[in-house]
Undergrad: 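I'd like to ask you about the structure that follows.
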Amino acid sequence: MEQIYSNNTAKTIATRENFELHIAKSGVYFIEVVARTKNEKQLHSTDDEDLRIEIDKRSFPQHKGSDRLFDSPVSFSGGTTKNLKKSVGFLTFLSKGKHEISYIPDGSATIHNTTVSLVDTNSDISMLTLSTNDDAEDGDRRAWKTFALIDASFQSFLLVLTLKRRKMDSDDVKVVVDGEVKKRESNGFRKLWYFISSIFLGEQQAIIFSDQKQKGLHYIELWADRMPTFNSITFSGLSFLPSPEAKKTIEEMIREKAIEFGLDPELMVRVAMVESNLDPNALSQANAKGIFQLTQITIDQIEKLGYKVENPYNPEQNIHGGVLYFKWIFDQYTGDEKLEKTLAAWNWGGGNFPKNDPLDYTKMPKETRSFIKKVLQK
Amino acid sequence: MKRLTIVTIFSLFVASVLLLFVIQFAQSADNDTTQNEEVKTVRFDLDLDGKSEKLTIVSTLNSPGYETTKVFVNNALFPDFSLSGYFYRAQTHIIREGDWPILEFQLLTGHSITSLLYTYESGRLKRIPISTENSPYYEGVISRTQPKFLDVNHDGSLEMVVSYSSFTSDEKKQIELYSYQNKSFVKYEEYEIL
């Protein structure tokens, strides 16, 4: 790995900070951020400190549970880390040129370290080892390290950790992959803690997890109890969807689907841009998902139109469903304002304004007007 | 004789329709999903008498964009209100200590969330006007994000904080602050944030 950027100066931030990263060579990069966030008790407050990271304005929601981005495994939540250091490492394909890393605190947060390393100029890597020998700070059960694999697939990963037996309470590590806690039945009542210190297992333990993950956003979380040491993680069969090509592919997929349904391809790309910035993993407060921000109700309606969106984060399904839904609305209207009415219905629901009367912008919500304006680039 | 028969048939018809209507809603379980209709029941103590009011919410898919929602209070035969949109969530907020809670009722309308606010008066839900620019045509907040209720100015009562234009491509968000005065929410400040 070739380190291209490192900042080890600790800095406490209270507002969003953006860092511009200049990438000379396209390839797979490892971006690691180490930070601390305090809980409300430590702050003598009613709110914890939190921090989340965006890369090129892309946010990283969790796969299960809360929609709150600060609760994602790739965020730093003071409620769980209690001012102990946590590291989050992103593995992602970055194209040559400018990129932006954004640090977004809730309250404040202290960033200790950011490093960026070029892993490989190829998007397919048969084996990748990340080794650091990183000791956890002493503390009770909390989120310790997360690896986020962005638009990547992999066959398996090997974790090597060192766990010591200590007085009163020994080192343990919990492994969570895409929200699923890995269980080890032989650990008895501690089965949720996959790695436990044991005289039989030895101090250094290595386990292979054969998870075979398809292309997508994947999180591997390590939770620590006391002071385990992270030695390494080795991924096999890693493959990344190169980001510029991914965006191009999504745009192309939208154009193709729009043409298939007899719609203006550039219009549909603009709708998707406004909705999600073409992010297949975008998640809104209304639990709207993916490129066309499909809610469960929209998905149910799409099913009634004859297409089942099983996974709204799947670009192909989301685009097919989104374009089909748009086409159905588009066909409901006639006349000069056909397109404006379609966009108003998409944004606000067709039942909220008269179908056959001219659109009354004074009776339209601010956000609907804004949506129409953005899509039509007026 | 003929007139009596017509009256009898008409009475039987009206009785049957009423009976069907009663059966339909009496059978509404807490969460019952039929092909196009979903029935949910939520309970809130809206008048702080120690007994929860039961809201039966019936949302129907209809065709895309034409979803509808009816709300029945305490097993009433007729809905307290009917709305355009599909039920998303309901919650209560106590604006000032000692006041009855207000009900925040949210619907999915297209790709937006419509948030409507109600007080409970004389056994019925009454819409709280919100001084949006077009009130009273729609007296709710329509946004991609949900309003928050916070004591922004530390006066002991909650203000409503609304965030607009929260598309992912947006650099700026518009924030509006509303205070609760004389049974309506009145906008008193708006600004933009990055």
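Every chain is numbered from 1, with letters handed out A, B, ... down the list of sequences. Only this structure's heavy atoms are used, side chains among them; waters, hydrogens and symmetry mates stay out.
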Undergrad: Quick one: side-chain hydrogen bond (donor to acceptor under 3.5 Å, both in side chains) partners of B:D80, sequence neighbours excluded?
TA: B:R124

Undergrad: Does A:Y307 form a ring-ring contact (aromatic ring centres under 6.0 Å, His included) with A:Y325? I'd like the steps, not just the answer.
TA: CA-CA 10 Å; A:Y307 181 75; A:Y325 184 80; over 10 Å; no

Undergrad: I need the residue from A:A344, A:S59, A:G351 with the largest number of non-hydrogen atom pairs under 4.5 Å to chain B.
TA: A:G351

Undergrad: In the structure I gave you, are the side-chain heavy atoms of B:L107 and B:Y88 within less than 4.5 Å of one another anywhere?
TA: no

Undergrad: Tell me, for A:K373 versus chain B, whether the close heavy atoms (under 4.5 Å) come from the side chain, the backbone, both or neither.
TA: neither

Undergrad: Measure A:W346 against the heavy atoms of chain B and call it side chain, backbone, both or neither at under 4.5 Å.
TA: both

Undergrad: Answer with side chain, backbone, both or neither: which region of A:I302 has an atom nearer than 4.5 Å to a non-hydrogen atom of chain B?
TA: neither

Undergrad: By a 4.5 Å heavy-atom criterion (distance strictly below it), what part of A:A345 contacts chain B: side chain, backbone, both, or neither?
TA: backbone

Undergrad: Only counting residues at least two apart or in another chain, list the ones meeting side chain to side chain contact (heavy atoms under 4.5 Å, CB included) with B:T119.
TA: B:I102, B:E121, B:K126, B:I128, B:Y180

Undergrad: Identify which part of B:T68 has an atom lying under 4.5 Å from any heavy atom of chain A, answering side chain, backbone, both or neither.
TA: neither

Undergrad: Closer than 4.0 angstrom, basic N to acidic O: yes or no for A:D106 and A:R68?
TA: yes

Undergrad: For the residue pair A:K341 and A:F353, would you count it as a cation-pi contact if the rule is NZ or CZ under 6.0 angstrom from the ring centre and within 45 degrees of the ring axis?
TA: no

Undergrad: Just so I understand: if I count every heavy-atom pair under 4.5 Å between each of B:P64, B:G110, B:G85 and chain A, which residue has the most?
TA: B:P64

